Amino acid sequence: MAAVAQCVRGALRPRLPLLSVALRTSPRLLCAATQQKNTGQNLEEDQSQTQNEQKVEPSSAEKLLAEEKAKLEDQLREVTEKYKRALADAENVRQRSQKLVEEAKLYGIQSFCKDLLEVADILEKATESVPKEEIKDENPHLKSLYEGLVMTETQIQKVFKKHGLLRLNPVGAKFDPYEHEALFHTPVEGQEPGTIALVSKIGYKLHGRTLRPALVGVVKEA
């Protein structure tokens, strides 16, 4: 056993200087490693701080891009508003043009209708002027003439109605200045003031628009 222990000590003795050297140099290595680690941490902190500063304070290029973006958005908004207004104006013009076309179709014949109203007035006066007591079989010519006038008047009124032309015979109705023209005012017993007592000339309306007002006499208070 003593021999074995001696052999072990003999084997370890040459290595003791190396261990001592390693122990002496290890603090330096540890210090250098610590410095490198600290240096790396400082570099990382500096990089992180620089990135944060770059994030907080945008560069001049980013500012220019932001300003250009705002200008383009304003221009886009302005162009969009102009486009919407142009569409609205075009739609208004289209609706007005369509309305004018429709009115031209409806009221384009009003001058022609006014001329025909004179013919209708003559027919009406002709039929009213024939004495009813004279319309007998003993007077076949007068009877035939009267019946022909009545048929013509009836037919012309059908044509008027077909084209939207209607008679205004407002006896007993309230006076309306848009449809009637007052020739005189007179008190009439048993009738309410403001109503129409007499129609001197028949009026006409074309598609709801007064073409010729009826000439009337209006009741007034006694």
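Quick caveat: nothing in here was measured; it's all calculated off a predicted structure.
- For N169 (side chain) and I202 (main-chain N/O), no donor-acceptor pair under 3.5 Å exists by modelled atom type.
- Taking the centre and axis of the six-membered ring of F160, the NZ or CZ atom of R167 falls outside the cone set by 45° and 6.0 Å.
- Annotation for E189: atom CD does not count as buried by contact number, only 12 or fewer foreign heavy atoms lying within 6.0 Å.
- Although no hydrogens or angles enter the test, the distance criterion places a donor-acceptor pair under 3.5 Å between the side chain of N92 and the main chain of A88.
- Under the 4.0 Å criterion applied to side-chain N and carboxylate O atoms, R94 and E91 are assigned as salt-bridge partners.
- Atom NZ of K161 has 12 or fewer heavy atoms from other residues, nucleotides or ligands within 6.0 Å.
- Between the side chain of H163 and the backbone N or O of K158 there is no donor-acceptor pair closer than 3.5 Å.
- Judged as a ring-ring contact (aromatic ring centres under 6.0 Å, His included), and not counting sequence neighbours, Y146 has no contacts.
- For the residue pair Q157 and E153, no side-chain donor N or O sits within less than 3.5 Å of a side-chain acceptor on the partner.
- Applying the 4.5 Å side-chain rule to ILVMFWY residues, one finds V188 in the same cluster as V219.
- Here the side chains of F175 and T195 are not in contact, with every heavy-atom distance at 4.5 Å or above.
- The side-chain contact (heavy atoms from CB on, under 4.5 Å) search around S129 returns none, not counting sequence neighbours.
- A donor-acceptor distance shorter than 3.5 angstrom exists from the side chain of T210 to the backbone of Y178, with no hydrogens or angles considered.
- You'll find the side chain of H180 reaches within 4.5 Å of the side chain of P170, heavy atoms only.
- Side-chain contact between R212 and K201: present, with at least one pair of heavy atoms (C-beta onward) separated by less than 4.5 Å.
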